[in-house]
Amino acid sequence: MKALNLIILGGSLALGVGGYLLIGKPGMADQPMAERQAALAEKVRVDPQSLTEGEMLSRLEQAVIDKPDDPQPHYFIGEMLRTQGRTEDAVRAYQSALRRDQDFVPALIGLADVLTQLAEGGIGPDATRLYARAYQLDETQVSAGMRAAMGAAQAGDQEKAEQAMRYIYSRLPEDDPRRERFRPMIEAIGQGPE
């Protein structure tokens with residue numbers, strides 16, 4: 001039995017070494033992280049479309065280290081994680097961005113979107129609050145304002161929902177095609193646009 005174990009161990013070792021020699025890069029020194037990051041930075045400069053997800057994530061993680069108070073790298077990490085279906089990790093990344101800047105509109109919307117996704121499309125109180133804050137900070141974020149109004153309607157506060165919809169509707173330019181989408185929503189919630 002002991003001889004069989006030695007044969008298996010020796011065979012495994014031989015396969016491992018052979019695989020490394022065939023696929024690995026023997027004789028190549030370890031590349032320090034600074035050199036890897038410099039190479040990635042050059043790749044970003046020269047051909048950013050060629051970056052893999054892993055390389056993009058590595059660059060974002062380095063940006064987090066280089067600029068610890070900047071919410072953007074955390075936000076973009078959240079976006080990447082969300083597209084990978086890692087919603088819980090995305091929540092943490094968006095929250096990390098908001099710890100650096102509580103009024104960072106993209107992270108407010110990203111976090112609200114993920115919370116809505118986790119609630120299977122329901123816009124809960126936290127998502128409603130985040131959407132409302134994003135719209136309050138940037139009125140060009142009409143969909144965030146609309147979702148905040150929908151969240152109020154889902155919570156049973158029809159008056160608040162109608163008031164929010166009317167406000168958003170009144171702020172849209174006369175030739176904005178979104179006005180047509182708002183009419184039926186306002187009618188469904190209240191009496192129709194004034």
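From a predicted model like this one, the values you see are computed outputs, not experimental measurements.
With a 4.5 Å cut-off on side-chain heavy atoms, Arg179 and Glu174 count as touching. Counting heavy atoms from C-beta outward, Phe104 and Gln72 have side chains that approach closer than 4.5 Å. With contacts defined as side-chain heavy-atom distances shorter than 4.5 Å, the pair Arg82/Glu79 qualifies.
Put simply, CD on Glu61 and NE2 on His74 are 10.5 Å apart, with the number rounded to the nearest 0.5 Å. Atom CE of Met165 and atom NZ of Lys160 lie 13.5 Å apart (nearest 0.5 Å). Rounded to the nearest 0.5 Å, atoms CG (Leu130) and CZ (Arg147) are 12.5 Å apart. Note that CG of Asp101 is 13.5 Å distant from OH of Tyr75, once rounded to the nearest 0.5 Å. To the nearest 0.5 Å, atom CG of residue Leu60 and atom CD1 of residue Ile65 are 11.5 Å apart.
Counting heavy-atom neighbours within 6.0 Å of Gln102 CD, excluding the residue itself, gives a total of 12 or less.
The shortest heavy-atom contact between Ala152 and Thr128 is N-CG2, 4.1 Å. The shortest heavy-atom contact between Arg178 and Leu172 is NH2-CD2, 3.7 Å. Of all heavy-atom pairs between Ala148 and Ala132, the closest is CB-N, 3.6 Å. Summarising the geometry of Ala134 relative to Ile109, their closest heavy-atom pair is CB-CG1, 3.6 Å, with the distance given to 0.1 Å.
Partners of Pro173 by side-chain contact (heavy atoms from CB on, under 4.5 Å), not counting sequence neighbours, listed by chain and number: Asp175, Asp176. Every side chain to side chain donor-acceptor pair (under 3.5 Å) that Asp66 has, sequence neighbours left out, goes to Gln62. Every residue two or more places apart in sequence or in another chain that forms a side-chain contact (heavy atoms from CB on, under 4.5 Å) with Ile168 is listed here: Tyr135, Val142, Phe182.
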Output a table of donor-acceptor pairs, distance under 3.5 Å, between side-chain atoms of residues 85-92 and any protein atom two or more places apart or on a different chain; print 'none' if there are none.
{"unit_1": "Arg86", "atom_1": "NE", "unit_2": "Asp89", "atom_2": "OD2", "d": "3.1"}
{"unit_1": "Arg86", "atom_1": "NH1", "unit_2": "Gln84", "atom_2": "OE1", "d": "3.3"}
{"unit_1": "Arg86", "atom_1": "NH2", "unit_2": "Asp89", "atom_2": "OD2", "d": "3.1"}
{"unit_1": "Asp89", "atom_1": "OD1", "unit_2": "Arg92", "atom_2": "NH2", "d": "2.4"}

Can you give each donor-acceptor pair under 3.5 Å made by side-chain atoms of residues 111-124, sequence neighbours left out, with the distance rounded to 0.1 Å?
{"unit_1": "Asp113", "atom_1": "OD1", "unit_2": "Tyr131", "atom_2": "OH", "d": "2.5"}
{"unit_1": "Thr116", "atom_1": "OG1", "unit_2": "Ala112", "atom_2": "O", "d": "2.9"}

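Residue pairs that meet the salt bridge (charged side-chain N to carboxylate O under 4.0 Å, His left out) test with at least one member in residues 129-146, sequence neighbours left out, are Asp103-Arg133, Glu139-Arg171.
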